[in-house]
Amino acid sequence: MKQPLEDLLRSTLKHLAGELFPKTALPSTPLLERSRDPAHGDFASHVALTLARPAGKNPRVLAAALIAALPKSELIAKVEIAGPGFINFFLSASAYHAELQRILQAGAAYGRNQLGEGRSAGVEFVSANPTGPLHVGHGRNAALGDCLGRLLQAAGWKVTREFYYNDTGVQIHNLAISVQARARGLAPGSKGWPEEGYRGDYIAEVARAYLAGESVSVEGHTVHGAKNPDDLDAIRTFAVAWLRREQDLDLQAFDVHFDVYFLESSLYTGGQVEATVCELVARGHTYEQDGALWLRTTEFGDDKDRVMRKSDGSYTYFVPDVAYHLSKWQRGYRKAITVLGSDHHGSLARVHAGLQALACGIPAGYPDYLLYQMVTVMRGGQEVKISKRAGDYVTLRELIDEVGRDATRYFLVARKGDSQLTFDIDLARSRSNENPVYYIQYAHARIASVFRQLAEKGLRWDARNGASHLARLSEKHEHALMVSLSRFPELVETAARNLEPHLIAQYLRELANDFHTYYDAHTFIVEDAALRDARLMLVAATRQVLQNGLALLGVSAPESM
RNA sequence: GCGCCUGUAGCUCAGUAGGAUAGAGCACCGGCCUUCUAAGCCGGCGGUCGCAGGUUCGACUCCUGCCAGGCGCGCCA
């Protein structure tokens, strides 16, 4: 709804450019914004204020000239100049009526846009190493990444969800020797227990299954427990598969699914790590010092140079990181997003620098990062310390079991990533009625109930009749609701562009509020068929947008509660 | 010491690429169920947008400097 008006305004301005104001002064930023105060109309433009200085004219004079040049449009009922030179647009009722019809015609597609133009986007998230169950922080990552994927799909991107993990290396070695110790009957802390071992009870479970010769199927292959506690390779393979499967079960319970599992080890076996280093050396961005090979990342905005190959000949983790992100580009992702805990933000500059040093056409900001701050968990009024090795931490599974999938997802995406999140389990559990997700779902359930009631009364909704009597929707609550509905596509666009899923959560709460207010103020199932059908049209459109919005969050839209 | 992030109502947080009188929820006080689900609605209370400068017609928003908190600064991953 905003776009046609924006286009109209911009083309009018282009027409006036050079005559009323210098051509170069035309801003590329949006010219329109939603008015906060209904007294200011539906949309407001401050373009006259912006142009006043370069034009050397009074903004109100500019505004008047702009309005005079504006072509007639069915969308616009009235245009006013206000204050120092704001232009306020009052949309016609028919503009909103047309939008209602658009919502019902588009259905699940309402709100989508073509920002991505069908290009390929890779969203990498969770990417937890298979050394233990997923915890709350992974939950935030999973919720953000999955919603982002949904948002980008809605914005016309072809999205691939990718999970990157390491199946070798130090942490995995610790995992293997921990399972081995358990298999030999050792308990954490006892004599012979490895210093860096993982102490959680789940390790004992892995050891038990290994000794019992159980089999594990994950990512399309099956691993059998070799039973032999001395075979560390077999233990490692089994443990990795076991924990990967556990994670997959958690993620499935969270309704999060991946298209690609990418193993860090494949970058070594496939030669990409070696190739990346050779390329960087060939580009002349490296030097040797103290027996190590360094990359001059400072030439590309990093604050210090980085070691790529240690003096013992092995690579630092930073090299596969670069090779991995290079592979994203090579695999066709024109947009790549890495969802990452902000405690790892130090690696951003390095990866960006490494990719730029390769000078292979990757744009400067590639990949995008969606960083999120730590989640602190409160239980019994106390913070639950997260210590993976001690095995004492809140798992994602526990949260889902206690709070429910919908509420957990909603909570974890409802806040901006860059603010810290306190997840109070007791509150979420014992006072779940106050949870905003129920408020939104309740609006949807109420609508479903309205249509059930209608059927029970032997009535049916005549959509065509409703469509021809939309002029009957003249109450202020109806107008407010129509305004909110029409904002949805703008929200999807902004949220996708800025990688901000929380905007959708925020919006849905407001939309639900508009609906509940309307519901309490007016009865929908009235005698007057014209009014009834028109109101049900608005209600049906609300249901559709609630569904579409909840779908973006991966939260269900229940028919009853 | 350096870098990134944060600081908005008693608490938890929004504030959509600088716009008009800063908004929700919770908490607290007071109203609303013989009528489509009260998991709801309405009203009230509550603010020096961390502090100080600067840019601008206009700053919660941009810049600088301070203060406070979180995270990160290894030939660890």
Side-chain angles (χ1 to χ4, degrees), chain A residues 27-30 33-37 39-40 44-46 49-50 52-53 59 82-86 88 129 166 169-172 264 289-294 302-304 306-318 320-321 341-349 371-374 376 414-422 424 427 431-439 441-443 445-454 456-457 487 490-491 493-495 497-498 500 502-503 505-507 509-510 512-513 515-526 535-536 539 560-561:
Chain A
S28 57
T29 50
E33 61 184 13
R34 290 273 176 177
S35 302
R36 288 197 149 185
D37 185 343
H40 297 149
S45 177
H46 49 80
L49 293 164
T50 319
R53 178 178 283 265
F86 293 105
N88 292 335
N129 279 343
N166 192 354
V170 178
Q171 289 184 41
I172 300 297
E264 183 182 326
Q289 186 182 306
D290 304 329
L293 181 68
W294 297 68
D302 199 1
D303 55 355
K304 59 182 82 166
R306 304 290 167 179
V307 169
M308 293 197 299
R309 192 173 56 222
K310 296 183 260 184
S311 49
D312 69 2
S314 65
Y315 294 108
T316 60
Y317 72 96
F318 146 71
D321 262 11
S342 59
D343 53 336
H344 291 94
H345 73 263
S347 74
L348 270 63
L371 296 176
Y372 60 92
Q373 295 280 348
M374 191 160 294
T376 44
R415 307 252 133 102
K416 256 187 320 193
D418 51 15
S419 62
Q420 289 180 35
L421 186 69
T422 303
D424 188 329
L427 186 76
R431 312 180 72 174
S432 58
N433 288 359
E434 289 155 15
N435 193 325
V437 71
Y438 294 122
Y439 181 85
Q441 290 180 316
Y442 184 45
R446 268 184 154 178
I447 293 172
S449 176
V450 166
F451 281 96
R452 280 195 299 270
Q453 286 289 321
L454 186 74
E456 281 172 23
K457 289 179 178 176
R487 285 175 57 214
E490 295 156 39
L491 259 298
E493 182 177 333
T494 305
R497 191 196 307 279
N498 300 341
E500 293 180 330
H502 77 277
L503 292 178
Q506 186 80 10
Y507 165 80
R509 222 218 155 267
E510 289 164 19
N513 181 39
F515 174 74
H516 286 307
T517 305
Y518 179 39
Y519 181 95
D520 276 86
H522 300 284
T523 308
F524 310 145
I525 305 175
V526 292
R535 285 186 170 167
L536 289 173
V539 170
S560 66
M561 290 176 71

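As the structure is a computational prediction, the values presented were derived from the model and not from experiment.
In this structure, A:Tyr438 places its OH atom 14 Å from P of B:A39, rounding to the nearest Å. Counting to the nearest Å, the P atom of B:G25 and the CG atom of A:Asn513 are 7 Å from each other. Nucleotide B:C4 holds its P atom 12 Å from the CG atom of A:Asp302, rounded to whole Å. In this structure, A:Phe515 places its CZ atom 14 Å from P of B:A39, rounding to the nearest Å. Rounded to whole Å, the distance from OH on A:Tyr439 to P on B:A38 is 13 Å.
Look at A:Asn88 and you won't find any side-chain N or O under 4.0 angstrom from OP1 or OP2 of B:A20. Residue A:Tyr507 places none of its side-chain N or O atoms closer than 4.0 Å to OP1 or OP2 of B:A24. In this model, the phosphate group of B:A38 is approached by a side-chain N or O of A:Arg446 to a distance below 4.0 Å at OP1 or OP2.
Annotated as anti: B:C32, whose glycosidic dihedral deviates from 0 by more than 90°.
Among the atoms of the strands shown, none is found under 4.0 Å from any heavy atom of A:Ser314. Looking at heavy-atom distances under 4.0 Å, A:Ala349 makes no contact with the nucleic acid at all. Using a 4.0 Å heavy-atom criterion, one finds that A:Asp37 contacts the bases of the nucleic acid, with or without backbone contacts as well. Heavy atoms of A:Glu33 sit under 4.0 angstrom from primed sugar atoms or phosphate atoms, though from no base atom. Within 4.0 Å of A:Ala52, counting heavy atoms only, lies no atom of the nucleic acid at all. No contact: A:Arg309 has no heavy atom under 4.0 Å from any strand. Within 4.0 Å of A:His40, counting heavy atoms only, lies at least one base atom of the nucleic acid. Using a 4.0 Å heavy-atom cutoff across all strands shown, A:Gln289 reaches at least one base atom of the nucleic acid.
By the 4.5 Å heavy-atom criterion applied to side chains, A:Ile447 and A:Tyr519 are not counted as neighbours. Contact check for A:Ile525 versus A:Lys457: side-chain heavy atoms found under the 4.5 Å cut-off. Taking the side chain as every heavy atom from C-beta outward, A:Leu371 and A:Leu348 approach each other to under 4.5 Å. Side-chain contact between A:Tyr372 and A:Leu421 is absent, with no heavy atoms from C-beta onward closer than 4.5 Å.
Mapping A:Tyr315 and A:Ser560 onto RNA chain B by nearest heavy atom places A:Ser560 closer to the 5' end of the strand. Take the nearest nucleotide of RNA chain B for A:Gly83 and for A:Trp294: the residue whose nucleotide is more 5' is A:Gly83.
Taking atom C1' in both B:A9 and B:G47, the straight-line distance is 6 Å, to the nearest Å. Comparing the P positions of B:G70 and B:U8 gives an interatomic distance of 15 Å, to the nearest angstrom. Annotation: B:G65 and B:C28 have their P atoms spaced 44 Å apart (nearest Å). When the P atom is used for both B:G7 and B:G46, the distance is 25 Å, rounded to whole Å. Taking the C1' atom of each, B:U61 and B:G18 are spaced 6 Å apart, rounded to whole Å. Straight-line distance between the P atoms of B:C5 and B:C42: roughly 38 Å, to the nearest whole Å. Between B:U12 and B:G50, the distance separating the two P atoms is 15 Å to the nearest Å. Comparing B:G43 with B:C4, their P atoms sit 44 Å apart, to the nearest whole Å.
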Intra- and inter-strand pairs of RNA chain B in dot-bracket (Watson-Crick or G-U wobble, both distances under 3.5 Å; | for another strand): (((((((..((((.....[...)))).(((((.......))))).....(((((..]....))))))))))))....
Filtered N/O pairs between nucleotides 71-73 of chain B and protein, under 3.5 Å:
unit_1 : atom_1 : unit_2   : atom_2 : d
B:C73  : O2'    : A:Lys304 : NZ     : 2.9

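Between the side chain of A:His46 and the base of B:G19 there is at least one donor-acceptor pair of N/O atoms closer than 3.5 Å.
Here B:A77 is the nucleotide among B:A39, B:A77, B:A20 with the atom lying nearest to any side-chain atom of A:Asn166. Side chain of A:Asp520, nearest nucleotide from B:A77, B:C41, B:C36: B:C41.
Scanning for side chain to side chain contact (heavy atoms under 4.5 Å, CB included) contacts around A:Glu456 gives A:Gln453, with sequence neighbours left out. Applying the side-chain hydrogen bond (donor to acceptor under 3.5 Å, both in side chains) rule to A:Tyr507 yields no partners; only residues at least two apart in sequence or on another chain are considered. Under the rule for a side chain to side chain contact (heavy atoms under 4.5 Å, CB included), A:Ser28 has no partner lying at least two apart in sequence or in another chain.
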Scan nucleotides 12-17 of chain B nucleotide by nucleotide, 5' to 3', and note B when protein non-hydrogen atoms come under 4.0 Å of the base, S if they reach only the sugar-phosphate, - if neither. SSSSSB
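Aromatic stacking of A:Phe86 on B:A20: satisfied, with centres closer than 5.5 Å and planes within an angle under 30 degrees.
With A:Thr517 contributing its side chain and A:Asn513 its backbone, the two residues share a donor-acceptor pair below 3.5 Å.
Separating the OG1 atom in A:Thr316 from the CH2 atom in A:Trp294 is a distance of 10.0 Å, to the nearest 0.5 Å.
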